[in-house]
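Here the structure comes first, spelled out in structure tokens, and everything after it is commentary.
The chains referred to below are lettered A, B, ... by the order of the sequence lines, with proteins before strands, and numbering in each begins at 1. The shown structure was predicted, so the numbers you read here are calculated from the model rather than taken from an experiment.
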Amino acid sequence: MILDVIRKEIKEIRKTRRLLVIGILFVVATIACAVVSAQWLDKGPNEMINGGLYGLILMFVSLLALMLAYDTIVGERNRGSLALVFSKPIGRGQFFLGKFLGVFLLTTVLFIVVSSFGYWLNAAIFGEFPSGAEVAAAYKFFFAVLLVILCWISFAMFFSTCFKSAAVSLITTLILWIMVLPMISQIPLHIYAEQQGQIHIPFELGEISFPIWVKALYAVNPDTCIGELSGHLLGSLPFSSSILTTGQSIGAMVIFAVVFFVAAFWLFRRMSLE
Amino acid sequence: MKAIEIQGLTKKFGKLTAVDNLDLEIEEGDSFGFLGPNGAGKTTTIKMLIGLLRPTRGTVRIWGHDMFAEGKEVKKSFGFVPDFYSFYESLTAFENLEFFAALSGIPKGERGKRILELLEVFSLEERANSKVGDFSHGMKQRLVIAQALLPHPNLLILDEPTLGLDPRGQFEIRELIKSISQEGVTTFISSHLLVEVEDMCNKVGIINSGRLIRVNSIENLKSEIEAPTGIEVRIECEEVTPEIIAVVKEVEGVRDSGVEGKTIWARVESSDITPTLTTCIVTSGGRIRKVEEHSPSLEEVFLKLTEREGGQG
């Protein structure tokens, strides 16, 4: 049953314009990044995926996950397809999990294929192929990005379950992603650094030891965590030295994904179909 | 065997009681019409019947199995057509049915054959690979009935099956449902269209303000209304003489009578009186052109019952 829901979800999403538009933008941006990095910035593939330009491209991946997941539940509820679905012998948990995995698999495949293409295209243009260790590090990073995808899908599905309007779900999800989570993550860090006499970015982090509450708030945003993780895996940290360890970054993302997934799942199981 | 057994079914939304202590039994092979004005509690009852909504109190058994204890098993035994629904519009008719066939538990190897069979029955085979988003409302309605029939159910539950259709579409759907009933499938049809229920069902239940006020065959319900008010017989004659008028009044079982032009009308206890009435007119020298009996329609039955219950409440 779960597999059938996954298949249906993938078929349905494949035919949406959202996927087409964001997917094309992601592909074009990845190719452009690969070409620009190799040709004009003199960066090889691992340097490319650790650079700021690639960080912007990862925004498309988060956006894609959010855009595909924001109406997974609210859309079905508003259209009236849930009444048809649940008149059949399928459990709510199976249906929810099928939808979740459908969005996740599609986003993951798109990300891995396009990113791999960009990585090797850059290597080909740069004229120097990466070593085995570099390739392993790059793919470790790509797999870490899957955690971010999980986080954003859980996050968007939570709001999709909370609201009765797809528009409200979309706006809430985007505002929280673009503005609120980055603010929660960055403001305490900057305030604390300023209190410690560090007013310039990047901070001389070797001189500051951040207390746990600052670290915890900093880790609230999965995009921040993947930035940290990219530094650990590829060798360049966002603030010249690490605020979170590899384990803390992964742990924070896992907690984020689990909290929103469980909350969404719980709400969905109790959702009234009245 | 009982297809549906509902006992003490109650649903409250806060202070509002949408369905109040409803008891109902439907036998195998019945075509049951569930009638009620808008907001009477029909859809809420159906949602509880198919397990979409948990009742505040009461039980629902389908083919002897408890809906809320054995939901997954029970759901394999009936098909459901909701009043408000949507298919996945970006998918084709075939893809939609394939998905619902999978959810119905039909083995993968049998799905394709069953889907094509139903698409043919519902005259949709040529549109199998068209997106459902491009379908007319009538086509979608045929498709939603097809999805309900996917697992060969022996019970079909339909909520307002002709809602929003034009007269031709309504006729086509009614004929389809009648043919399904004739094949032995028990049908439970919720509707506010009395003509529809009269056409398709042998038994009706009338719900008003959340309470089931009557369950009976259509004929018995009509008789129930006929008993106090009687039926009206209209006899058109070539000429109405004072003698004929007097004779009609004397016939046993005539409660009231009158004349309208060349037509004598009489309100009688039952249609058994009509032959006596016509004989008396003829023996009094009257020449009859036309005889009409007017029994109460289901609409009148419905209005009388809901009015009476409303008055009591």
Side-chain angles (χ1 to χ4, degrees), chain A residues 1-21 23 67-68 71-99 101-103 106 160 164-166 266-274, chain B residues 11 13 16 18 43-44 46-54 67 70-92 94-106 108 111 131-133 140 143-144 147-148 150-151 153 155-159:
Chain A
M1 288 264 184
I2 293 177
L3 281 177
D4 295 307
V5 180
I6 293 174
R7 260 197 293 271
K8 185 281 292 178
E9 197 65 19
I10 291 175
K11 267 187 203 166
E12 206 188 356
I13 294 173
R14 263 175 35 210
K15 295 181 182 179
T16 60
R17 288 205 184 123
R18 279 174 272 175
L19 179 70
L20 198 70
V21 171
M67 291 300 286
L68 296 185
D71 73 340
T72 42
I73 304 300
V74 73
E76 296 243 12
R77 191 183 189 183
N78 287 349
R79 286 194 301 263
S81 41
L82 287 182
L84 272 183
V85 168
F86 291 122
S87 69
K88 306 289 180 196
I90 180 173
R92 289 196 182 196
Q94 288 173 304
F95 185 70
F96 185 88
L97 204 59
K99 288 189 77 77
L101 291 174
V103 178
L106 197 73
S160 186
K164 288 184 177 174
S165 149
W266 186 83
L267 281 176
F268 183 68
R269 284 179 66 98
R270 276 151 190 80
M271 179 193 274
S272 165
L273 294 174
E274 183 53 25
Chain B
K11 182 68 191 178
F13 297 105
L16 175 82
T43 298
T44 305
I46 286 188
K47 282 187 173 172
M48 290 189 280
L49 181 62
I50 61 157
L52 281 185
L53 203 59
R54 279 207 167 262
M67 169 53 80
E70 306 162 81
K72 280 193 182 175
E73 276 310 304
V74 177
K75 285 179 182 183
K76 287 178 184 169
S77 65
F78 68 81
F80 173 56
V81 175
D83 60 337
F84 172 67
Y85 66 91
S86 169
F87 282 105
Y88 298 103
E89 304 231 320
S90 58
L91 303 185
T92 65
F94 191 93
E95 287 169 333
N96 268 288
L97 290 186
E98 199 177 27
F99 175 58
F100 288 108
L103 296 191
S104 303
I106 298 174
K108 205 171 181 180
R111 286 176 206 162
K131 280 186 185 177
V132 172
K140 284 181 189 169
L143 193 65
V144 78
Q147 73 72 35
L150 277 164
L155 170 64
L156 189 59
I157 299 167
L158 305 107
D159 193 3

Looking only at heavy atoms and a cut-off of under 4.5 Å, which of B:Ser86, B:Gly79, B:Pro151 has the most pairs with chain A?
B:Ser86

Looking at B:Lys76, B:Glu89, B:Glu95, which makes the most heavy-atom pairs under 4.5 Å with chain A?
B:Glu95

Please name all residues satisfying ring-ring contact (aromatic ring centres under 6.0 Å, His included) with B:Phe99, sequence neighbours left out, ordered by chain then number.
B:Tyr88

B:Phe94: partners by ring-ring contact (aromatic ring centres under 6.0 Å, His included), with sequence neighbours left out:
none

State, yes or no, whether a side-chain contact exists between A:Glu9 and A:Ile6 at a heavy-atom distance under 4.5 Å.
no

Side chain / backbone / both / neither for B:Glu98 at chain A, heavy atoms under 4.5 Å:
side chain

With a 4.5 angstrom heavy-atom cut-off, could you sort out which part of B:Val74 is near chain A: side chain, backbone, both or neither?
neither

As an exercise, state the distance from OG1 of A:Thr72 to CD1 of A:Ile13, rounded to the nearest 0.5 Å.
8.0 Å

Taking B:Arg111 for the side chain and B:Ile106 for the main chain, is one N or O donor matched with an acceptor at less than 3.5 Å?
yes

Can you see whether A:Phe86 has A:Arg92 sitting over its ring - NZ or CZ less than 6.0 Å from the centre and within 45° of the normal?
yes

Between A:Lys8, A:Glu76, A:Lys11, which has the largest tally of heavy atom pairs under 4.5 Å with chain B?
A:Lys8

Given A:Lys15, A:Arg14, A:Gln94, the one with more heavy-atom pairs under 4.5 angstrom with chain B than any other is A:Lys15

Taking side chain as everything from C-beta outward and backbone as N, CA, C, O, which of these in A:Arg7 sits under 4.5 Å from a heavy atom of chain B? Side chain, backbone, both or neither.
side chain

